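This report refers to the structure that appears directly beneath it.
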Amino acid sequence: MPYRAARYRRNPHKVPHSESAHTFQVDLRGLVDLLSHHLYSSPRVYLRELLQNAVDAITARRAADPGAPAAITVRTGDTLTITDSGIGLTEADVHRFLATIGRSSKRTPDGALDGAGLDAARGDFIGQFGIGLLACFVVADEITVVSRHATDPAAPAVEWRGHCDGRYTIRTLPAGAVPEPGTTVRLTPRADNAEWTAPGRVLELARHYGRLLPHEVTVVDPYGEHTRIDETPPWEQAHRSPLARREALAAYCRTVFDFTPLDTIELDLPAAGLRGVAYVLPTALSPAQRAGHRVHLKGMLLSDQATELLPDWAFFVRCVIDTTSLRPTASREALYEDGTLSAVRDALGTRIRDWLTGLAASDPALLHRFIDTHHLAVKALARHDDELLRIVLPWLPFETTDGNVTLEEFARTHATVLVTRSVEEFRQVAPIASAAGLGVVNGGYTYDRDLVHRLPEIRPGTAVTDLDPATVTAHLDAVDPSAEIRAAAFLAVAREAVAAHDCDVVLRDFQPVSAPVLLLDNREARHERTRSTLAADSDDGLWADILGSLRSETPRARLVLNHLNPLVRQAVTITERGLAVAAAESLLGQALLLSRRPLKANESALLNRAFISLLTHAMHPGGTTAAPDPEPRKEQ
C-alpha cells in the first residue's frame, strides 16, 4: 500500500483548468531498501537512531524542567524495546511526526521551533533530519511507539503501530496505562536481520554508539542482567598529576585504537564546543592513507572513520573528539563540509603544529623519535610553514653522498650543496661525486629538493644549486694524451655505436677504480631522447613533424669510461669492429643498470644484443659469424 507524504502544491493561487494538484506517493518498502543500501552503511545504525531520539527527548524535557529524570533502558529478547524518560508525544505529535516521512520533531515545516514541548534550541539536539525512526524498518517489520507527554497532564497516552508496508494505526490508551511520562519503542525483528537485535549484539552496539552519552543508558538481557553504559572520557576527568593524566589518555588510546601512541596532544576548542585528544601514531603511515578519526556529537558516536577532521598533512595522528557544533550529514555517519568544519580543521591543525614546534625546546629526544618515524609528514608541513621550517629543517635526515645525515651536519663539510632533480641522477653520480669530494643531496624524493633550496634561509652563507652534469665532468681527470691516442680507434667505434641513443663517449680517470662507467644525464637530455623515440616510432606524419619541430639543442648524455678500471683498459685495446661495438653497447648497458631506473624497450634490446654479440665472439674467436637477431622473426 503506498505511503502518503506531504502535499505538493504547484501554485497557491488559482490555476488554469488544465492543471491540477496531486499528492506524492511513497513506496515505503522501496524507501527502506534505499536507506539500508545507500544512506546507511550498515543495519546496525538502527540502535544509534533509537538512542539519539531518546537523548533528544530527554534534552527537550530538561529544557523545561532541569531536574527531570534522565534514563534510557534497552531490553533485549524476542522483541527489542528502548524506553526513555523524555518529553513524550501527544496524539497530535504522533500524527505529525511519526506518520510523516522527513519531518523532524525539532522544527516545524516553516522552520520555527516546535511548540509542542520539543522547543529546546536546535543545536541541543543530535538528530536533525526526521528519518531516524524509519531506519528501524531496516531490521524490523513492525514498530510500536507508546508515549505519554510530560508537560501536558491532560493528554492521554498514545500508541502508534507502524508496518514496513506503509500501514499504521493510532489509538489512545486508558488513564494509568503508562504510569510515567516518556516513550517506549518496541521492535519486532525480521528473521533475515535477527543478528542485529540479538542480546550480545545490542549490548555491543550500545557501547559502540552510546559510551560517552551524558545520560544513563542501561541494557537488560533476557535473563534480567543489567549492564550500565556509562563512561567519562579521560579528558573530562580529574587526575592526581600530569603524568597520571598522560597515562590515562594513552590507556584510552589503547582501548579505542589498539596502539600505544608516541605522544598525546590534548584538543580543546571552547568556541566550537570541542574537546578530545590527538594521538601521534607510533609507526609511519603513507600520506595517501588518511587516518580515520573517532567523532562524537554531543556524546553520540557519529563516525570512527571521519577523515575530514584534520588537514591532509596531519596524517600522522588519529583523533577522538566530542563536539557540539559540527553538523552531521543526513546519514549521520560523516561530517558536513561547511565553514564551521573548515574553521575547526584549521584550528586543530594549528594545535598540532604548535605541539610539534614545542618539542624542539621541551623534548628533543621525542622530536628525534618523531622525525625518524614521520619525517615525510614534517617535510610536507615545513614547506608551507616558515616557523616550523626554521625549527625542524636542521633535524631532518636527507640522503646524501655522506650517507643519511641532517642538512646541518652536511652543510658543515660542504660550503656548496649540490642537489639532484631525481633519484636516478643521484644514483648515477653519487659514487663518483663522493670520491671527488662533491657534496650532493638526493632531491628526487617528495619535498626534498624544495626544502634543500630553502637551507640558506636557515643557514646564511650556505650555497645550494642544482647539480649539472658538467659540474661532475669538471672534477674528472683527463687521461694521459698517449693513452687517449691509443684508444682513439675504439672510442670512434663506440661513439658511432651509442649515437643512436643520443649519447656521447669520453675517456677519463676517476675514482673509485671499481666503477667502469658513469652515465651523465639530465632531465632535458632524457626529454630529448623521448621526443626522438616518439618521432621515430610515429606512424602519423603530422605528429612526427610536430615532434621533429620540437627538437632542442640540449647536450646529449655522456658515457664516461674510467680509464683506471681494468675492464675499460682491456676494452679500449679492441681492434675488431664487431667486438668493439659489442663492448661499447655492453658498457652503456652496464651504466644504465647502475642508474637503477626502469629500462625502456630499446635499452633492453641494446642489452640483449650486446650480450648475444659477446657470446658469439667468445664461441667463434676470430670468426666472422654474425650475431643472431635478438628479436624472434615471425613466420611468413
Side-chain angles (χ1 to χ4, degrees), residues 424-425 427-432 435 469 472-473 476 479 483-522 525-526 529-530 532-533 536 555-633:
E424 291 78 13
E425 288 179 10
R427 288 170 177 169
Q428 288 168 14
V429 304
I432 289 82
V472 180
T473 305
L476 303 181
V479 300
E484 185 142 18
I485 292 174
R486 290 193 297 271
F490 174 81
L491 293 176
V493 175
R495 291 188 181 103
E496 183 180 343
V498 302
H501 297 272
D502 283 328
C503 189
D504 195 10
V505 180
V506 295
L507 190 65
R508 294 288 187 271
D509 288 342
F510 57 86
Q511 297 292 333
V513 175
S514 58
V517 289
L518 169 64
L519 183 64
L520 292 179
D521 202 357
N522 58 29
R526 289 196 299 273
R529 289 198 301 277
T530 300
S532 300
T533 301
R556 296 188 296 174
R558 281 189 170 188
L559 180 65
V560 184
L561 307 183
N562 187 2
H563 190 250
L564 300 178
N565 181 268
L567 173 62
V568 174
R569 281 180 175 272
Q570 186 77 12
V572 296
T573 63
I574 297 173
T575 56
E576 198 274 310
R577 178 178 177 79
L579 183 57
V581 170
E585 290 183 337
S586 297
L587 288 169
L588 176 58
Q590 185 174 8
L592 291 170
L593 292 175
L594 289 174
S595 71
R596 290 187 285 179
R597 64 173 174 80
L599 297 180
K600 299 178 181 178
N602 64 331
E603 293 169 345
S604 296
L606 167 78
L607 281 170
N608 291 336
R609 183 171 62 250
F611 184 64
I612 292 173
S613 181
L614 288 175
L615 281 177
T616 301
H617 282 86
M619 295 169 63
H620 306 280
T624 57
T625 305
D629 189 344
E631 299 291 338
R633 292 186 173 85

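No hydrogens, no waters, no symmetry mates; every other heavy atom, side chains included, goes into these values. If you're wondering where the values come from, they're calculated on a predicted model, not measured in any experiment.
A pairwise comparison of heavy atoms in His563 and Ala483 identifies CE1-CB, 3.7 Å as the closest pair. For the residue pair Ala497 and Val581, the shortest heavy atom distance occurs at CB-CG1, 4.1 Å. Here the shortest heavy-atom pairing between Val498 and Ala584 reads CG1-O, 4.3 Å. When all heavy atoms of Ala591 and Leu559 are compared, the closest pair comes out as CB-CD1, 3.7 Å.
Contacts classified as salt bridge (charged side-chain N to carboxylate O under 4.0 Å, His left out) and involving residues 610-619 (residues at least two apart or in different chains) are not found. Among residues at least two apart or in separate chains, salt bridge (charged side-chain N to carboxylate O under 4.0 Å, His left out) pairs with a member in residues 580-592 are Glu585-Arg609.
Side-chain contact check for Asn565 versus Val517: every heavy-atom pair is 4.5 Å or farther apart. The side-chain heavy atoms of Leu607 and Leu592, taken from C-beta on, include no pair separated by under 4.5 Å. The shortest side-chain heavy-atom distance between Val568 and Leu507 falls under the 4.5 Å cut-off. No side-chain heavy atom of Val505 sits less than 4.5 Å from a side-chain heavy atom of Leu587. At least one side-chain heavy atom of Phe490 sits less than 4.5 Å from a side-chain heavy atom of Leu561. Using a 4.5 Å heavy-atom cutoff, the side chains of Gln511 and Leu564 are in contact. Here the side chains of Leu519 and Cys503 are in contact, with some heavy-atom distance below 4.5 Å. Side-chain contact between Leu614 and Leu579: present, with at least one pair of heavy atoms (C-beta onward) separated by less than 4.5 Å.
Rounding to the nearest 0.5 angstrom, the gap separating the CG atom in Leu606 from the NE2 atom in His501 is 4.5 Å.
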Starting from the C-alpha separation in whole Å, work towards a yes-or-no answer on side chain to side chain contact (heavy atoms under 4.5 Å, CB included) for Arg569 and Thr573.
-> CA-CA 7 Å; Arg569 281 180 175 272; Thr573 63; over 6 Å; no

Could you check Leu567 against Gln590 for side chain to side chain contact (heavy atoms under 4.5 Å, CB included), going step by step and ending with a plain yes or no?
-> CA-CA 12 Å; Leu567 173 62; Gln590 185 174 8; 4.1 Å; yes

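Arg508 places no side-chain N or O within donor-acceptor distance of the main-chain N or O of Asn562, the cut-off being under 3.5 Å.
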